[in-house]
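Heavy atoms only: backbone and side chains are in, while hydrogens, waters and symmetry mates are out.
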Amino acid sequence: MVPFLFAACGALDDDKIGFWDVAWSMVVLFFWFMFIWIFITLFADIFRRNDMSGASKAIWLVLLVVLPFLGSLIYILMRPKVTAQDIQQMTRAEAGMKAASQVSTADELTKLGQLKAAGAISAEEYEKLKAKIIA
């Protein structure tokens, strides 16, 4: 296996595209893709944050455009791990999951029966919705 690797590396100066040319191109493409992905994610994070003023957002965006690699590293290092906005989003998600877990099939069927008794839905609609809830 090792002689094959050295033989492949020996053909670097000719015009043919070899295995190592393709492998190196894939590595470069991977890192370019990751860099662009990080860049877009940082732009989205800067626009999304509500704890920063417009001026500080503009400064960060200019820094990311002028010095993309260095600006990305500085922003990643300077950003707090958890912001107040992140805590609000986590609290809302937990409250939503808690509310969703408290609704049972029996509660839904009871509400559906009340709607049928009140005449808000017909017997046919009741049966369709009941089948949907039970399934």
- Message: I'd like to know if the side chain of Glu94 and the backbone of Gln89 have a donor-acceptor N/O pair within less than 3.5 Å.
- Response: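 No: the side chain of Glu94 does not pair with the backbone of Gln89.
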Are [Y] and [X] co-members of a hydrophobic cluster defined by side-chain heavy atoms under 4.5 Å apart?
| X | Y | result |
| --- | --- | --- |
| Val66 | Leu61 | yes |
| Phe47 | Ile40 | no |
| Phe35 | Val65 | no |
| Val27 | Phe33 | yes |

- Task: Please name all residues satisfying side chain to side chain contact (heavy atoms under 4.5 Å, CB included) with Ile87, sequence neighbours left out, ordered by chain then number.
- Result: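 With sequence neighbours excluded, Ile87 shows a side chain to side chain contact (heavy atoms under 4.5 Å, CB included) to Val82, Met90, Thr91, given in chain and number order.
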- Query: Checking side chain to side chain contact (heavy atoms under 4.5 Å, CB included) for the pair Leu70/Leu63: CA distance, chi angles, key distance, verdict?
  - Reply: CA-CA 8 Å; Leu70 187 62; Leu63 183 65; over 6 Å; no
- Item | salt bridge (Lys or Arg N to Asp or Glu O under 4.0 Å) partners of Lys128, counting only residues at least two apart |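 For Lys128, the residues satisfying salt bridge (Lys or Arg N to Asp or Glu O under 4.0 Å) (neighbours in sequence not counted) are Glu124.
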- With sequence neighbours left out, write down each residue that passes salt bridge (Lys or Arg N to Asp or Glu O under 4.0 Å) with Asp51, or none if nothing qualifies.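 Scan of Asp51 (salt bridge (Lys or Arg N to Asp or Glu O under 4.0 Å), adjacent residues dropped) gives Arg49.
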Pairwise salt bridge (Lys or Arg N to Asp or Glu O under 4.0 Å) hits with a residue in [range], at least two apart:
| range | answer |
| --- | --- |
| residues 108-117 | none |
| residues 25-40 | none |
| residues 52-79 | Asp45-Arg79, Arg79-Asp86 |
| residues 58-71 | none |

- Item | Sequence-distant partners of Phe43, ring-ring contact (aromatic ring centres under 6.0 Å, His included), two or more places apart |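 Once residues adjacent in sequence are excluded, the partners of Phe43 under the ring-ring contact (aromatic ring centres under 6.0 Å, His included) criterion are Phe39.
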Do [X] and [Y] have side-chain heavy atoms sitting under 4.5 Å apart?
| X | Y | value |
| --- | --- | --- |
| Ile76 | Ile38 | yes |
| Leu64 | Ile46 | yes |
| Leu112 | Ile121 | yes |

- Which pairs with one or both residues in residues 65-93 pass ring pair (Phe, Tyr, Trp, His ring centres under 6.0 Å), sequence neighbours excluded?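 Every ring pair (Phe, Tyr, Trp, His ring centres under 6.0 Å) pair that includes a residue of residues 65-93, provided the two are not neighbours, is Trp60-Tyr75.
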- Task: Can you run down the ring pair (Phe, Tyr, Trp, His ring centres under 6.0 Å) pairs that involve residues 100-135, sequence neighbours left out, and say none if there aren't any?
- Result: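 Every pair satisfying ring pair (Phe, Tyr, Trp, His ring centres under 6.0 Å) with a residue in residues 100-135: there are none.
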- Query: Going from CG on Leu67 to CG on Leu73, what distance comes out if it is rounded to the nearest 0.5 angstrom?
  - Reply: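 One finds 11.0 Å between CG of Leu67 and CG of Leu73.
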- Task: Could you tell me the separation between the NZ atom of Lys132 and the CD atom of Glu127, rounded to the nearest 0.5 Å?
- Result: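 Taking NZ in Lys132 and CD in Glu127, the distance rounds to 14.0 Å.
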- Message: Between Asn50 and Thr83, does the side chain to side chain contact (heavy atoms under 4.5 Å, CB included) criterion hold? Intermediate values first, please.
- Response: CA-CA 9 Å; Asn50 59 9; Thr83 62; over 6 Å; no
- Message: With side-chain hydrogen bond (donor to acceptor under 3.5 Å, both in side chains) as the rule and sequence neighbours excluded, what pairs involving residues 23-34 come up?
- Response: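 Found none.
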- Task: Share the residues that join Leu29 in a hydrophobic cluster, the rule being Ile, Leu, Val, Met, Phe, Trp or Tyr side chains under 4.5 Å apart at the heavy-atom level.
- Result: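 Leu29 shares its hydrophobic cluster with no other residue.
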